[in-house]
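Scroll down for the structure; my scribbles are underneath it.
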Amino acid sequence: MSEIPQDISHDQYAVRLKKLQDMRDAGSDPFRASCEQTHFSAVALQAYVEGEENTVPVKVAGRLVVIRDMGKSQFVKILDQQGQIQLYVKKDLVGEEAYVAFKRLDIGDIIGAEGTLFKTKTGEVTVRIEKYTLVSKALRPLPEKWHGLTDAEQVYRQRYLDLIVNPESRARLMLRSRIVASIRQTLAGRNFLEVETPVLEGVAGGSAARPFVTHHNALGTDFFLRIALELRLKRLLVGGYDRVFEIGRIFRNEGISRKHNPEFTMLEVYQAYSDFRGMMDLIRAIFTDLCRDVIGSFEIKHAASGEMINFAGEWRVARYFELIDAAVGFPLSALRQSADYRAKATEAAQTLGLDVHAGWETFEIVNEIFSKKIEPTLIQPTFVTHLPKELCPLAKLNLEDSGLIDVFELCIGGMEVAPAYSEQNDPFVQRQMFEQQVGDDQQKMDTDFLLALEHGMPPAGGMGVGIDRLCILLTGAESIRDVILFPSLRPNEAK
RNA sequence: GGGUCGAUAGCUCAAUGGUAGAGCAGCGUCCUUUUAAGUCGUUGGUUCCGGGUUCGAAUCCCGGUCGACCCA
């Protein structure tokens, strides 16, 4: 322990260090190895029986977050996983020595306490403390109780402080845990197997994104961090896992924004002998369970627009090109086979005020219209179907129009939430689509996956759900950083 | 990567180019049912870092670091 200066009254760290040293000098250890807890705060509050004062015993534990000292008695509050509970500490009850020691506790200290439940004259259920133990000393002061912690950088770098002092952050991030748990439960109830597949891949396939590269020393080779789960999970379809899913972290070496974190969480689900329509049923079931069990409502307020998003009833189904034609104001899609399709698409995009880059393929120009002018307007749940095949090289082609694919993009709240496909299982078509996608760079082609397809993959529906964006939607968060416990930041020495 | 904005006490925030302040927290006092408890007193600053302009810089200028927002 470092030297403690003479006048420490202004230095909260030094004051606390001094208290720690005094306790150690007196032979008591302020960092205990265990502490008995019979009740979480919320459980204790429910255990109170109206009119039965000081009959129900509880042992609670948590961090001191409020201290109201009234001389010979104190009201304090502790915070545990479930929230706060008030404790009443009285000199008569705990004894002189313990009371004096209690007065030396600081906000932030973690204590265990036992006593009985009663209701104060203002009606708050409170634990009347008979015994307490300091189980972990906090050497640093907490942020201010009223405003909490607002400095964005500190909120992200020291998330634990945000969780302690900002109840809305606690609630939002805990809701994420419950959302993921609910999804697992829904899928388990439908006989899906949860699996884990490699993060380190020789080929980063399944999507078009720039991967992170790392190096394995013993093998003397570079690996890519996965950018999707798809190709591994489909190998499991080949292997006879008919219903399989993974909730896993994927990594994309691209920009950081309110909607993008370099690592994020994806749910991918595959169901053999189903197709993209089956995935519509599945995603409806996932949302129904989420609304019922986690959110407690089938309506959620869309944070950006204030509009109520309704998850009950039928969800809108709309064809991609119907939406495009409506947005541009003329039947652009009728020209898809004609020579001036590109020119008309460019003109339409520019009329809508969009920049068209010279190097873009025509489907990219049209998709710019979709992502900038249509997707943001799809607030209510909408299945967008019949997308152009260039957008998803892993989907089955539509039987009536081979330029389209059997897929949907589920858009909610102006965001793409879940794409789903009837999965491509023809190894020849798949190879062709890969070749178009990778161009000359054959290194990027997952030939081992094509080999797996040649062994036969059952027809299947597959779906991906961006868990972070789903959480943004369901929690009303403004940024992906608000639903990720520790978002990616530039490394920085602690201040 | 580009543009705009920001960084002041542990936290939340003030401060015409002229002695850096407040609230909470801390320290000391009073108070045995408080609810942002109350009461009296009181300590605390490398104004993000490095240059420059100026008699004088938290404030103006340049560079950097970190962050936020928008764009790519």
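Computed from a predicted model, the values in this text were never measured in an experiment. Below, read A as the first sequence line, B as the second, and so on, with proteins coming before strands; counting in each chain starts at 1.
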Proximity to the side chain of [X] - top-ranked nucleotide from [options]:
X: A:Pro141; options: B:G10, B:U34, B:C11; answer: B:G10
X: A:Pro143; options: B:G44, B:C11, B:A25; answer: B:C11
X: A:Glu144; options: B:C69, B:C11, B:A68; answer: B:C11

On a whole-Å scale, what distance lies between the [atom1] atoms belonging to [N] and [M]?
N: B:A7; M: B:U46; atom1: C1'; answer: 15 Å
N: B:G18; M: B:A57; atom1: P; answer: 11 Å
N: B:A68; M: B:U32; atom1: C1'; answer: 48 Å
N: B:A22; M: B:G41; atom1: P; answer: 13 Å

*asked:* Taking donor-acceptor contacts at under 3.5 Å, does the side chain of A:Gln12 reach the base of B:A25?
replied: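 Counting by modelled atom types and ignoring angles, a donor-acceptor contact under 3.5 Å is found here.
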Heavy-atom closest contact ([X] atom, [Y] atom, distance):
X: A:Glu230; Y: A:Gly206; result: OE1-O, 3.8 Å
X: A:Thr377; Y: A:Ile374; result: OG1-O, 2.6 Å
X: A:His302; Y: A:Gly413; result: NE2-O, 3.0 Å
X: A:Leu134; Y: A:Arg32; result: O-CG, 3.7 Å

*Got a sec, which residues hit side chain to side chain donor-acceptor pair (under 3.5 Å) with A:Lys301, two or more places apart in sequence or on another chain?*
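With sequence neighbours excluded, A:Lys301 shows a side chain to side chain donor-acceptor pair (under 3.5 Å) to no residue whatsoever.
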Measure the distance from [atom1] on [X] to [atom2] on [N] and round it to the nearest whole Å.
X: A:His147; N: B:A14; atom1: NE2; atom2: P; answer: 11 Å
X: A:Arg481; N: B:A68; atom1: CZ; atom2: C1'; answer: 8 Å
X: A:Arg258; N: B:A72; atom1: CZ; atom2: P; answer: 14 Å

Proximity to RNA chain B (any heavy atom under 4.0 Å), residues of [range] only:
range: residues 37-66 of chain A; result: A:Val66
range: residues 154-175 of chain A; result: A:Gln154, A:Tyr156, A:Arg157
range: residues 358-371 of chain A; result: none

*Do A:Arg176 and A:Asp468 come within less than 4.5 Å of each other through their side chains, counting heavy atoms only?*
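In short, these two side chains touch, coming nearer than 4.5 Å.
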*Are A:Ile129 and A:Leu93 side-chain neighbours, meaning at least one heavy-atom pair lies under 4.5 Å?*
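No. Closest side-chain heavy atoms not under 4.5 Å.
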*Between A:Lys145 and B:C11, is there a side-chain N or O to OP1/OP2 distance below 4.0 Å?*
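No, outside the criterion.
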*asked:* Using a heavy-atom cut-off of 4.0 Å across all strands, would you classify A:Gly148 as base, sugar-phosphate, or nothing?
replied: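 It contacts sugar-phosphate atoms only.
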Check this for me: does any side-chain nitrogen of one of [X] and [Y] sit under 4.0 Å from a carboxylate oxygen of the other?
X: A:Glu263; Y: A:Arg249; result: yes
X: A:Arg159; Y: A:Asp162; result: yes
X: A:Lys137; Y: A:Asp106; result: yes
X: A:Lys119; Y: A:Glu53; result: no

*Could you run down nucleotides 1-8 of chain B 5' to 3' and tag each one B, S or - for protein heavy-atom contact under 4.0 Å?*
--------
*nucleotides 28-33 of chain B: protein proximity per nucleotide (B base, S sugar-phosphate only, - neither; heavy atom, under 4.0 Å)*: ---BBB
_Backbone N/O of A:Ser41 and side chain of A:Asp80: donor-acceptor pair under 3.5 Å_ =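 Side chain of A:Asp80 to backbone of A:Ser41, a donor-acceptor pair under 3.5 Å: yes, one is there.
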*Could you tell me how the ring of A:Phe223 sits relative to the ring of A:His216: parallel (under 30°), tilted (30 to 60°) or perpendicular (over 60°)?*
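A:Phe223 vs A:His216 ring planes: perpendicular.
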*Taking only residues two or more places apart in sequence, or in another chain, which ones meet A:Arg336 in a side-chain contact (heavy atoms from CB on, under 4.5 Å)?*
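By the side-chain contact (heavy atoms from CB on, under 4.5 Å) rule, A:Arg336 matches A:Phe321, A:Ser333, A:Tyr341, A:Asp401, A:Leu404.
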*Just grab all the salt bridge (Lys or Arg N to Asp or Glu O under 4.0 Å) pairs involving residues 376-390 of chain A, residues at least two apart or on different chains.*
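Qualifying pairs: none.
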_Residue pairs involving residues 367-380 of chain A (criterion salt bridge (Lys or Arg N to Asp or Glu O under 4.0 Å); sequence neighbours excluded)_ =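 As it turns out, the salt bridge (Lys or Arg N to Asp or Glu O under 4.0 Å) pairs with a partner in residues 367-380 of chain A, which skip direct neighbours, are A:Glu368-A:Lys372.
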*asked:* Please identify which of these residues, A:Phe363, A:Phe383, A:Phe408, A:Phe370, meets the ring-ring contact (aromatic ring centres under 6.0 Å, His included) condition with A:Tyr320.
replied: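 Exactly one candidate clears the test, A:Phe370.
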_Base-pair map of RNA chain B as dot-bracket, where | denotes pairing with a different strand and pairs are Watson-Crick or G-U under 3.5 Å_ = (((((((..((((....[..)))).(((.(.......).))).....(((((..]....)))))))))))).
Is there any protein nitrogen or oxygen under 3.5 Å from a nitrogen or oxygen in nucleotides 47-50 of chain B, and what are the pairs?
none

Only distances under 3.5 Å count here; give the side-chain donor-acceptor pairs of residues 250-257 of chain A to other protein atoms, sequence neighbours excluded, each with its distance to 0.1 Å.
unit_1	atom_1	unit_2	atom_2	d
A:Arg252	NE	A:Ile227	O	3.1
A:Arg252	NH2	A:Ser207	OG	3.2
A:Arg252	NH2	A:Ile227	O	2.8
A:Glu254	OE2	A:Arg210	N	2.9
A:Ser257	OG	A:Lys259	N	3.1
A:Ser257	OG	A:His260	N	3.3
A:Ser257	OG	A:His260	ND1	2.8

*So, A:Tyr160 and A:Gln158: side-chain donor and acceptor under 3.5 Å apart, yes or no?*
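On atom types as modelled, these side chains qualify, holding a pair under 3.5 Å.
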